[in-house]
Amino acid sequence: MRDVTTAQPLDVQPTPLALLLLGREADPRSERGVECPGDLPAPSDPDLVARARAAKEKLGDKVFVLGHHYQRDEVIEFADVTGDSFKLARDAAARPDAEYIVFCGVHFMAESADILTGDDQQVVLPDLAAGCSMADMATAEQVAECWDVLTEAGVAEATVPVSYMNSSADIKAFTGKHGGTICTSSNAKRALDWAFGQGEPRHNKVLFLPDQHLGRNTAVRDMGMSLEDCVVYNPHKPGGGLTAEELRAAKMILWRGHCSVHGRFSLDSVNDVRARIPGVNVLVHPECKHEVVAAADYVGSTEYIIKALEAAPAGSKWAIGTELNLVRRLANRFADEGKEIVFLDKTVCFCSTMNRIDLPHLVWALESLAAGKVVNRIQVDPETESFAKLALERMLALP
């Protein structure tokens, strides 16, 4: 029998999968998918609140914590600023003295912050597995193949790429390299107006990446195009599932991508809430499906939604089609004013990858920085950064 008293201790090393699940490694070819099978985990240990405060106080002005609107309340509590993805990236760039930028959001947001901040600043994502299913729906290889298809159809030279902020740094770099611009949900119309003005209007086309719904809603609802002006390029089908004639006839070539949260809302959701709550105002994000946007009373970005509710009269009723953390926070914020705010759909769904940034991960990141160890740093390589920054700067220059 083996003498266990003299056995050597096992040298156990975490596997790549274990590190990925802990949020301390990343899958470089994937933003990680979004699913929402059930409730979120129970609230974090209250002792972590004191630890987060102590670490943040020790770091002082060396750290700047950004919190996306869709984050949990326990994380938002420690954010120096809150906002949507682009507002937070700009806020990070406006704090050149902060040595560490801790981005409580998802991977593509932290990439944008790294692109827009100085070389002496380090961007940290508390959980590297916090990704975005929409950004995951367009890879650099797929988009390069799409451009080859457009070239073969003879329309690439007349096509300007416009990529949503919710895309990887690789896609932003492709956009910059091919003369395009980035957009947000609040300036998509301005970006498309710019893109269609880059050449002969009769021949100009836009390749809109990666959210088909934002592209379609902006083109049809805000710019007066028809649904027939839009075609959907499916990267999983040969030639995108489109003929050369369809590509030549289209004005908007929409990438087959969507938001896993906003895509859950349906026309039935709108009809049901109107039946349940007479006089309700339906306010949705433009990442929702076209039929949902068409049936809503108001449509706008995350910042638009917040401002609309701030300006709403006391006693008004609202059904909001966006991520639940924000809806719940707004409902609590305006309850004293008598504003009734509900989630548009009966099925509750958080953005589960956004919610990977929980208090334990934030505490681990802050305490590591306070101890002089940089963890989960997000770095975009110089070539990708240069072209991605070019696309972002074009957006900043939009009228």
Side-chain angles (χ1 to χ4, degrees), residues 85-86 89-90 93 108 111-112 114-116 134-135 137-212 214-219 222-223 225 229-233 235 239-240 242 244 246-257 380-399:
S85 57
F86 184 62
R90 284 195 304 180
F108 77 80
E111 284 184 330
S112 296
D114 183 58
I115 291 167
L116 293 173
M134 181 196 297
M137 293 175 188
T139 67
E141 293 83 358
Q142 290 172 333
V143 176
E145 182 178 342
C146 171
W147 199 253
D148 289 341
V149 171
L150 299 185
T151 301
E152 290 175 9
V155 299
E157 289 188 3
T159 302
V160 178
V162 175
S163 293
Y164 191 21
M165 192 73 178
N166 299 29
S167 58
S168 68
D170 287 338
I171 302 307
K172 291 183 176 72
F174 167 89
T175 305
K177 186 180 293 186
H178 290 84
T181 186
I182 308 302
C183 76
T184 68
S185 53
S186 58
N187 72 358
K189 182 180 183 299
R190 292 201 302 275
L192 289 180
D193 284 336
W194 174 86
F196 281 111
Q198 295 308 294
E200 170 57 50
R202 291 179 302 163
H203 303 299
N204 257 21
K205 303 176 187 299
V206 163
L207 171 63
F208 195 91
L209 300 151
D211 180 21
Q212 61 170 309
L214 177 61
R216 181 182 296 106
N217 289 328
T218 305
D222 300 332
M223 301 182 68
M225 295 186 200
D229 290 324
C230 307
V231 296
V232 177
Y233 182 95
L242 298 168
E246 287 173 320
L247 288 170
R248 294 185 192 114
K251 292 182 180 178
M252 291 285 292
I253 302 169
L254 306 171
W255 192 264
R256 190 176 183 270
V380 179
D381 69 87
E383 182 179 0
T384 301
E385 178 177 322
S386 65
F387 284 110
K389 191 171 185 178
L390 179 61
L392 286 165
E393 287 174 342
R394 287 194 185 113
M395 180 179 72
L396 291 172
L398 291 174

Q: Look up atom CD1 in I253 and atom CG in L242, then write down how far apart they are to the nearest 0.5 Å.
A: 8.0 Å
**Q.** For A173 against F387, the heavy-atom pair lying closest together
**A.** O-CB, 3.4 Å
Q) In terms of the angle between their ring planes, are F174 and W147 parallel, tilted or perpendicular, with boundaries placed at 30° and 60°? A) perpendicular
Q. Which atom names give the shortest non-hydrogen contact between T175 and S163, and what distance separates them?
A. OG1-OG, 2.6 Å
**Q.** side chain to side chain contact (heavy atoms under 4.5 Å, CB included) between W255 and M134, intermediate numbers included
**A.** CA-CA 11 Å; W255 192 264; M134 181 196 297; over 6 Å; no
Q) Heavy-atom count around E393 CD within 6.0 Å, excluding the residue itself: above 12? A) yes
Q: Would you sort out whether K205 and L247 count as a side chain to side chain contact (heavy atoms under 4.5 Å, CB included), showing the intermediate values?
A: CA-CA 9 Å; K205 303 176 187 299; L247 288 170; over 6 Å; no
Q.
Please check: side-chain N/O of R394 versus main-chain N/O of G176, any donor-acceptor pairing under 3.5 Å?
A. yes
Q) How many angstroms lie between CG in N166 and CZ in F108, if you round to the nearest 0.5 Å? A) 3.5 Å
Q. At their closest point, which heavy atom of V231 faces which heavy atom of E246, and how far apart are they?
A. CG1-O, 4.2 Å
Q) Where is the tightest heavy-atom contact between V143 and A138, given as atom of each residue plus distance? A) CG2-CB, 4.3 Å
Q: Check the pair D170, T139 against side chain to side chain contact (heavy atoms under 4.5 Å, CB included), reporting the backbone distance first and the verdict last.
A: CA-CA 8 Å; D170 287 338; T139 67; over 6 Å; no
Q. Roughly how far, to the nearest 0.5 Å, is the CG atom of D211 from the CZ atom of R216?
A. 9.0 Å
Q) L209 versus S167: any side-chain heavy-atom pair under 4.5 Å? A) no
Q) Hey, what do you get for CE (M225) to OG1 (T218), rounding to the nearest 0.5 Å? A) 9.5 Å
Q. Checking side chain to side chain contact (heavy atoms under 4.5 Å, CB included) for the pair M165/L392: CA distance, chi angles, key distance, verdict?
A. CA-CA 9 Å; M165 192 73 178; L392 286 165; 3.9 Å; yes
Q | Nearest-0.5 Å distance, CG of residue L390 to NE2 of residue H178 | A | 12.5 Å
Q) How far apart are the closest heavy atoms of A169 and T384, and which atoms are they? A) O-CG2, 3.5 Å
Q) Can you tell me how far the CG atom of L398 sits from the SG atom of C183, to the nearest 0.5 Å? A) 9.0 Å
